[in-house]
*Asks:* 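Pasting a structure below so you can have a look.
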Amino acid sequence: MKLRNRLLGGALAFATILTPTVGNASSHREAPFITKNPKVDGTDFYLFDSYEPARAGYVTILANYQPLQDAYGGPNYFTLDPDAIYEVHIDNTGDGIEDITFQFDFDLNLAGGNGVELPIGGKNINIPLAVAGSLTGPADAHQNMTETYKLGVIRGPRRASVPMLVTNLTDGTTTFAKPYDNAGTKTIADYTAYSNKFIASFDMPGCTPTGVAAGTHSRVFVGQRKEGFAVNLGQIFDLVNLGVSALGIPPVGQQADLTGAADQGKNVVGTKSVTTLALEVPASCLTKDAASPIIAGWTTASVRQARVINPAATFKSPSREGGPWVQVSRLGMVLVNEIVIGIKDKDKFNGSEPKDDGQFADYVTNPSLPILVEIVYGATGALAPTVYPRADLVAAFLNGVPSVNVMSSTLFEAVRLNTAVPPTTRANQNALGAATCFDPPVSNAVGPALNLARAGCDPAGFPNGRRPGDDTVDIALRVAMGFLLDQNHAPIRGAPLVDGAKVDARDFLTGFPYLAAPISGAP
Amino acid sequence: MAVDTSPGVPGSQDLAPLAQVGTEMSAEAQHRPRVAVTTERVFAALAGRGITLASQHQVLATTAAASYCALGVTTESIAIAVCEYPTAQAARAGRELLDRRYRKLVPDAERAVNGTTLVTVANASSHRDVGDRVLETFKSL
């Protein structure tokens, strides 16, 4: 079912025209417009060297969409938008323009075209549920509504050519199946075993990989996963309300302690799920060449510019979509659009491309979050960094970390990964990632010095890429408060700031797709 | 108690998007206790001792269980937080709270209570003389 008719039906009564300047968002409902379009709301983006045993040489990419899914969210659960395209972009030249795009195009169908029907009182009646019995794997006869997708690869600018469709090595077609969400144990007795059957292999068109084990292939999976991002969302967005209450100082334990333990049981999204688009591709198929091992990645979702609502909606035609693709969600580095970009520009950011990020530079060079922290905690003597523009944040968010993952002098926001840095095994990962690998800077002119010998140094972690087990909230808090600056200009640069929500690689799977199975909708 | 006619500490200029904190701080500014050693008096005394503030603005007093607080920053980036309390006992309790709860946030903080006012000096390790002068001046008021 595709509803992307370029011609708009004149008989349809209501029309909503989406102009190119109106964008959506990414990151957990962070921009005003995206809250109206949860199916295309990107929440997190991960990019890292695969650390699953026997998968050396591969890079894993995870793009999460549809935030804050509750396990009981039936009967339709969380299908992706068949009228949107979801993309992962890789820039391997450092110009902020995608060189490789993976495009996911979803489709939603009823079994047999009209759905499962039951004979009731002499009439065949269409059932109201998406499943008609227990499910065990793809193409299950009990599935009343099926969700499939095609995966295409585009080289060069994303709209300059038609995607080269990827072949599913399981059946030789270009169609991949998406598992049903975790409705409950009666519908799906063993969700992990069930969903693992939807991990498919493919070979990336136009690439002969090197550096990977013979006989191995790229992999793809799209499906519901347990939310991997951990954040004390309520207190963070309640004006960094950590240890301080509008009604007075709360008892210890009631709110997270800003400098307390990394795990204070304050992860408020741990019972939620997201929909993950997961890819695992040879690094050699993503990099420009062997001498250029650094890549930058981000994810976007786009919809057609015009949507006309069908007043006589059918399953196949609830609306008609037409016009060019308009990007409505963009996500690279964690938390950028949530706590860096000003609210008036959040939708604009989601419609923007990295090559144009100069327009957002002031939010990075003159950030508001540290001042908010100073206002809330200034009574303790805590000061925000005093140096502007914040060149340290430009490096961290827009240019890469010197000696680690700088690609070029071009400033743009994306997750940068030096694929030549060997992955750290799951057991040995440090949640503070590569942030643990720097000596305090003697001066801002010199900047922080990379010291791989530092205790706990984990150069394969954020901000060198991002793994599920990287505690990006704690890292971002510390970097915002001047971790990369000298003491004179960032008095609390060394404070062990935390939001009290634990992130740990050991809480995730040992291999692809790394994010854990979602919580069951019913016991 | 003499009427303090010195200019007030300016409110933060960064509060526009921070409605909740702004509301709370506005309430704090409107309900300041009558204290002998006001924030303005402290900052004025410091200026009289040659300690120049590069900036000063109101900060959230709730954090220190205080009624009203302001933060001054010297040209050497030394933080001088002044908090006003309704009673001397509350001021001492505020000091104890800050020492206990925020020790890891600002490990070099030094604090002193004068009546119902609490002063915190931080980031002064490279300018010990200035930090000492701040505390001496405050205690002398």
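Since the model is a prediction, treat every value here as computed from it, not as a measurement. Naming convention: chains lettered A, B, ... in sequence-line order (proteins, then strands); numbering from 1 in each chain.
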*Asks:* Side chains of B:N123 and A:N488: closer than 4.5 Å at any heavy-atom pair?
*Replies:* no
*Asks:* At what distance, to the nearest 0.5 angstrom, does CG of A:L383 lie from CD1 of B:I78?
*Replies:* 10.0 Å
*Asks:* Would a distance-only check, ignoring hydrogens and angles, find a side-chain to backbone donor-acceptor pair under 3.5 Å from B:T63 to A:V376?
*Replies:* yes
*Asks:* Picking from B:C69, B:A79, B:A122, B:A109, which has the most non-hydrogen pairs under 4.5 angstrom with chain A?
*Replies:* B:A79
*Asks:* So which part of A:T380 gets closer than 4.5 Å to some heavy atom of chain B, the side chain, the backbone, both or neither?
*Replies:* both
*Asks:* Quick one: pull up CG in B:L105 and CE in A:M481 and give me the separation to the nearest 0.5 Å.
*Replies:* 8.0 Å
*Asks:* Which region of B:S77, side chain (C-beta onward) or backbone (N, CA, C, O), has a non-hydrogen atom less than 4.5 Å from a non-hydrogen atom of chain A, or is it both or neither?
*Replies:* both
*Asks:* Quick one, B:M25 and A:I375 - any side-chain contact, counting heavy atoms below 4.5 Å?
*Replies:* yes
